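Beneath this line is the structure, given in structure tokens, with notes to follow.
Note that ligands are numbered from 1 as they come in the structure, with each ligand's atoms numbered from 1 the same way. All figures in this text were calculated on a predicted structure; none of them were measured in a lab.
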Amino acid sequence: MCGIVGFNGHKNGIPKIIKGLESLEYRGYDSAGIAYINNERITIKKEKGRIKNLKDLITEKENAYLGIGHTRWATHGEPTKENAHPHQQGKFTLVHNGIIENYMELQKILKDKHYAFISQTDTEVACALIDYYYQKDANIKMAILNASKQMRGAFAFGIICEDDKETLYAIRKTSPLIIAKSKDGNFIASDVPAILEFTNEYFLLNDLELAEITKDNITFYNEELKEIKKESSLFEGNLEASQKGGYEHFMLKEIHEQDEIIKNTIACYYDGTIASLDKSFPDLTKFNKIDIVACGSAYHTGLCAKSFIENYANIPVNVEVASEYRYKKCFYDKNTLVILVSQSGETADTLAALRKAKKDGITTLAIVNVVGSNIAREADYTLYIKAGCEIAVATTKAYLAQVAMFSLLAIYLGYKKGLIQEEELIEINKDIKNLPKMIRKTIDNDLYFKIADQIYENKNIFFIGRGLDYALCMEGSLKLKEISYINSVAYQAGELKHGTISLIEKDTPVIALSTEDELREKTISNIKEAKSRGAKVIYVTNKIPEEKFYDEIITIEKIHPILQSILTMIPLQLMSYKVAKNKNCDIDKPRNLAKSVTVE
Ligand code: AGP
């Protein structure tokens with residue numbers, strides 16, 4: 001996803017913008033650029049590839065108090081210098097995050113008005129459209145608003161105009177953008193890490209609200225161009241929280257934060273009494289059906305939730321990928337709760353699914369990490385996980401915190417329906433109390449790295465499990481795929497004999513999960529099927545078996561089933577990390593991936 005950073009202040013903004021872009025690298029990009037005003041001129045520098053290539057174009061003596069920077073994750077047009085942002089048309093220069101869906105039709109209209117285009121991007125068309133309205137109205141803010149209202153799709157713009165070299169403008173619709181003030185000057189940014197070195201106070205823009213940013217002031221306008229007042233927010237984390245803290249990669253740091261994250265997330269809602277959940281959660285007891293809708297790892301948390309909620313609250317749960325759900329026929333009604341799960345709160349497909357359910361009058365609940373994100377703001381109810389800033393593209397701590405949130409939800413619903421009794425709640429509370437210590441103990445085990453050293457050169461690695469373990473296999477397999485680029489698939493253990501077992505060759509690693517008592521025996525017989533065909537079996541379990549049908553065994557502590565997933569996932573995260581490290585992959589910024597996919 002693209003990154004935007006802009007600055008207008010009393011100090012040289014170029015280094016601040018570059019630093020801000022570097023803190024947004026985790027979003028994924030393939031080119032970078034900057035535009036700034038000095039000596040009464042707008043200078044644009046941009047280059048394909050990493051930010052380092054852009055820095056090589058900027059000499060020490062370059063100094064500017066007003067500028068806009070951008071990291072581009074290509075959507076329209078190849079990752080080339082011409083397509084990199086900023087783009088310029090007429091009096092305007094801008095950077096953009098999002099997709100203008102009607103840019104072709106707008107481009108045609110503008111070409112008829114003698115605008116010419118050098119890039120393949122929708123962004124250049126947006127810039128020309130603003131200039132077109134400016135040529136007509138000679139009013140910068142009105143031109144930005146009129147053009148924005150004509151664009152369909154998602155956008156966040158940072159804009160400078162030749163006729164007003166003292167002001168930075170910003171406007172958004174759907175794509176994220178924050179406005180921040182610091183002692184050195186004022187910022188715009190796609191996400192909080194870009195400004196944390198300078199301030200943690202920021203403002204959120206609503207759709208089609210416009211910010212006019214001078215060195216000393218920030219003025220907000222609504223879409224009728226009426227001035228509006230806004231309250232600022234304070235980001236709870238700090239710069240250190242958004243840096244590596246001595247770990248080689250953000251992903252490893254974030255895995256190691258999980259004991260704290262889970263403790264904080266649970267403690268924020270639950271003190272061991274159902275009364276605390278009554279206070280924390282909206283009344284969800286009227287719903288007799290739940291749809292959980294998300295993408296990627298967030299979808300996998302829904303698969304875990306299905307197991308918890310169906311088994312402990314006896315409510316049918318349907319888990320769907322958002323990109324399908326948003327277009328399919330949905331069998332929901334006023335007694336259905338639609339739960340949207342999203343770390344970033346900006347994933348386009350998940351946001352679209354939310355909007356579809358709301359349009360149909362269905363109650364929506366969001367489980368989100370990023371405060372003030374679109375999904376968080378538009379859902380009827382929002383439960384924030386306390387995972388802090390997650391920088392690595394491959395989610396770990398946010399995934400685990402979302403799973404923990406679903407555990408709490410299942411406990412709440414199960415108890416309210418009289419299916420979880422006091423004595424079971426006491427057992428669960430004992431495990432919750434010990435959970436941070438057990439997470440720490442599970443993390444601090446070098447066995448997973450040793451096993452990763454044995455399997456990292458394999459071309460195919462399979463995960464198998466039944467029930468809840470299959471849901472965990474799905475996430476373990478995605479972690480491995482997205483950071484190590486090894487082909488990996490998760491199979492329901494019972495499915496192996498229906499075709500997939502033909503893929504097993506000598507020493508093919510099969511990571512087999514078995515943590516549920518009632519399914520253990522069946523899973524073990526599936527493991528033996530794979531083993532007898534030469535598989536190298538890595539057995540992950542909470543109960544050491546008598547016989548040795550495996551090559552390696554990873555044992556985790558056995559805790560209440562509604563919490564067990566939180567421990568089971570940790571070895572899979574760390575194994576994937578070490579496999580990718582052995583393969584010298586770009587662990588925090590895997591190729592082709594973005595931290596949040598705000599395009600369809
Ligand atoms: C997770 O490791 C992936 N990077 C990806 O699948 C992610 O979970 C998915 O894009 C959903 O993102 P969200 O939680 O921000 O909506």
Contacting atoms of ligand 1, where contact means under 4.0 angstrom from a heavy atom of Ala394:
2 (O)

Heavy atoms only: give me the nearest Glu557-Leu567 pair and the separation to one decimal.
O-CD1, 3.7 Å

Check whether any N or O atom of Ser344, backbone or side chain, sits under 3.5 Å from an N or O atom of ligand 1, and answer yes or no.
yes

Atom 16 (O) of ligand 1: the protein heavy-atom neighbour that sits closest, reported with distance to 0.1 Å
Thr347 OG1, 2.5 Å

How far does CG of Asn369 sit from OG of Ser342, to the nearest 0.5 angstrom?
9.0 Å

Side chain to side chain, Lys479 and Met575, heavy atoms closer than 4.5 Å:
no

Which protein heavy atom lies closest to atom 9 (C) of ligand 1, and at what distance to 0.1 Å?
Cys295 O, 3.8 Å

Which atoms of ligand 1 have any heavy atom of Ala298 under 4.0 Å away?
8 (O), 14 (O)

Closest approach of any protein heavy atom to atom 10 (O) of ligand 1, naming residue and atom:
Val597 CG2, 4.2 Å

Is NZ or CZ of Lys356 both nearer than 6.0 Å to the six-membered ring centre of Tyr325 and within 45° of the ring axis?
yes

Nearest to atom 3 (C) of ligand 1, what protein heavy atom do you find, and at what distance?
Glu482 OE1, 3.4 Å

Go through the steps to decide whether Phe462 and Tyr491 satisfy the test ring-ring contact (aromatic ring centres under 6.0 Å, His included), and finish with yes or no.
CA-CA 7 Å; Phe462 298 133; Tyr491 290 114; 5.7 Å; yes

Identify, for atom 8 (O) of ligand 1, the protein heavy atom at the shortest distance, and state residue, atom and that distance.
Ser297 N, 3.1 Å

Does ligand 1 have an atom under 4.0 Å from some heavy atom of Leu593?
no

Donor-acceptor check, side chain of Thr301 to backbone of Val403, threshold 3.5 angstrom: yes or no?
no

Those atoms of ligand 1 less than 4.0 Å from some heavy atom in Ser342:
13 (P), 14 (O), 15 (O), 16 (O)

Heavy-atom closest contact (His96 atom, Ala154 atom, distance)
NE2-O, 3.5 Å

Mind telling me whether Phe281 and Tyr269 have parallel, tilted or perpendicular rings, with 30° and 60° as the class edges?
tilted

Could you walk me through whether Glu260 and Lys397 pass the salt bridge (charged side-chain N to carboxylate O under 4.0 Å, His left out) check?
CA-CA 10 Å; Glu260 275 306 299; Lys397 61 176 183 173; over 6 Å; no

Quick one: does Val393 get an N or O within less than 3.5 Å of an N or O on ligand 1?
yes

Would Gln402 count as a contact residue for ligand 1, given that I'm defining contact as a non-hydrogen atom of the residue lying under 4.0 Å from a ligand atom?
no

Contact partition for Lys479 relative to ligand 1, non-hydrogen atoms under 4.0 Å:
side chain

Do me a favour and list the nearest non-hydrogen protein atom to atom 14 (O) of ligand 1 with residue, atom name and distance?
Gln343 N, 2.7 Å

